[in-house]
Amino acid sequence: MQRFSLSEVPFEIAPLRERLLSAHAGAYASFEGWVRDHHSGRAVAGLRYESYAALAQSEGDTIMAEAIERFAIVDACCVHRVGDLAIGELAVWVGVSAAHRDAAFAACRFIIDETKGRVPIWKHERYADGDADWLHPTAPA
Amino acid sequence: MQRFSLSEVPFEIAPLRERLLSAHAGAYASFEGWVRDHHSGRAVAGLRYESYAALAQSEGDTIMAEAIERFAIVDACCVHRVGDLAIGELAVWVGVSAAHRDAAFAACRFIIDETKGRVPIWKHERYADGDADWLHPTAPA
Amino acid sequence: MSRLTVLYFASLRDAAGIASESVEADARDLRGLYESLRARHGFALPVERLRVAVDGAFARWDEAPRAGSEVAFIPPVSGG
Amino acid sequence: MSRLTVLYFASLRDAAGIASESVEADARDLRGLYESLRARHGFALPVERLRVAVDGAFARWDEAPRAGSEVAFIPPVSGG
């Protein structure tokens, strides 16, 4: 199972979650990032995610391996969209199964934080006023 | 929308999650508790949840109101199964939408912790060796 | 004397062999009511490990039993 | 002189007007290579805010440019 992947098209969560189900796991934590209609006080019309695909894949793989190593989890998966997204669309999904909820929550948080901080994906926001911009945050988002 | 509910039958997550989607929400955290095949080193064959339904409902409602009050979230929902459950079945589900992930994770954790600690629901485990027992934990589980 | 209904859940119900019963309470407070029922049914759980509810809301152990009310003894919960 | 390929992403690509180009690198290290390309294309981001990758793996700024390699300058990321 490939734990990290980029998707150029909308993807279904259900089959991904299904793969994490296990008779040994009592806890499952998940996170979803959705495209919001506002950012820093500006009305957002839509956005585009661009990635350096080869490096994003290897960095994503590294993050998932770190999560498996650090936390007492059964399995984990993360999918990040690239391309054009509309308001309300799913941008990123993380799912983690574990025997206990402490590890499930901690690993889920770790994966989304590291993905946002390290994986070479960039967000290009189009604003309602016609402006558009690349987001290059100065501090960890 | 009733934010907390007990369910005597298996329930679908998708329509519950759907109700939490919002153009204002950029983050969604969820938690699921599944019936594990082991507990404290013993092989578990299945379990039954019993509740004091009237008090469980009012205490659940209180927890959800506290979560809405304490955290910067858009909405939240929690459903807990009662009755007989097999290994791998969904026992409890929590979903939270928020503008940002900090609040989504914190509220999701709060709701599952408080539900486990305060809502009058009891777990009766049947073990593979034929034994069975009510779980009355001495410390917060 | 107050006639009221007592509800039993989980291990208390198993020990009592019934889910509820109507009792004549002569105890001064709910704590005393539990102690007398514990003696009758042989409940393992001491009052310190329970909570008590009256008519569907959590109550205090030092409240007096009210005639016609529904009293529930709440063992440590284990949902989730 | 090392002929290599440079990849541009996000605001760097917009500023350069191209996604990649083949360059003759005469800089001593990758930091120097970025500085020369920054001067040519007018990139707003200083080297301190970037990371650098060579052939699909993160690299160090003090590495020497290698002929035939693929160098990518990584602006601050904003996925999630």
Side-chain angles (χ1 to χ4, degrees), chain A residues 4-7 31-36 39-40 44 47-63 78-83 85 90-94 108-125 132-141, chain D residues 4-23 25 29-31 33-35 37-63 65-80:
Chain A
F4 182 92
S5 59
L6 299 174
S7 176
F31 177 82
E32 300 176 24
W34 300 332
V35 179
R36 261 189 310 162
H39 181 249
S40 300
V44 174
L47 59 78
R48 180 159 53 93
Y49 282 109
E50 173 180 300
S51 78
Y52 178 13
L55 186 57
Q57 183 63 54
S58 66
E59 192 68 359
D61 291 343
T62 300
I63 290 168
C78 177
V79 181
H80 202 298
R81 272 295 304 281
V82 290
L85 280 80
L90 182 63
V92 59
W93 170 83
V94 179
C108 187
R109 184 66 200 250
F110 172 83
I111 292 166
I112 186 61
D113 285 356
E114 295 298 306
T115 297
K116 289 173 82 92
R118 290 161 55 184
V119 176
I121 298 174
W122 300 273
K123 186 190 292 188
H124 186 256
E125 283 185 344
D133 222 344
W134 288 102
L135 276 69
H136 292 315
T138 48
Chain D
L4 48 78
T5 302
V6 177
L7 306 182
Y8 299 120
F9 295 99
S11 64
L12 296 188
R13 194 196 49 241
D14 282 4
I18 46 175
S20 70
E21 64 181 326
S22 176
V23 300
D29 57 16
L30 295 171
R31 181 184 311 269
L33 173 62
Y34 178 73
E35 294 297 0
L37 293 167
R38 185 185 183 196
R40 186 195 303 174
H41 295 299
F43 296 144
L45 291 165
V47 69
E48 293 73 28
R49 295 200 53 209
L50 304 181
R51 297 181 73 183
V52 64
V54 176
D55 293 337
F58 284 114
R60 294 162 41 133
W61 286 109
D62 60 7
E63 289 179 23
R66 275 188 290 108
S69 66
E70 187 177 76
V71 174
F73 300 114
I74 313 290
V77 303
S78 50

Q: Do you know which two heavy atoms are closest between Glu70(D) and Tyr52(A), and how far apart they sit?
A: OE1-OH, 3.6 Å
Q: Would you say Trp122(A)'s side chain and Phe9(D)'s backbone share a donor-acceptor pair under 3.5 angstrom?
A: no
Q: Please check this pair: side chain of His136(A) against backbone of Ser78(D), looking for a donor-acceptor N/O pair closer than 3.5 Å.
A: no
Q: Please name the pair of heavy atoms, one in Gly56(D) and one in Leu55(A), separated by the smallest distance, quoted to 0.1 Å.
A: O-CD1, 3.2 Å
Q: Can you tell which of His80(A), Glu32(A), Arg81(A) has the highest number of heavy-atom pairs within less than 4.5 Å of chain D?
A: His80(A)
Q: Would you please test Arg49(D) and Thr138(A) for side-chain contact (heavy atoms from CB on, under 4.5 Å) and show each step?
A: CA-CA 8 Å; Arg49(D) 295 200 53 209; Thr138(A) 48; 3.4 Å; yes
Q: For Glu59(A), is it the side chain, the backbone, both, or neither that has a heavy atom closer than 4.5 Å to a heavy atom of chain D?
A: side chain
Q: Which bit of Ala57(D) is near chain A, if near means a heavy-atom gap under 4.5 Å: side chain, backbone, both or neither?
A: backbone
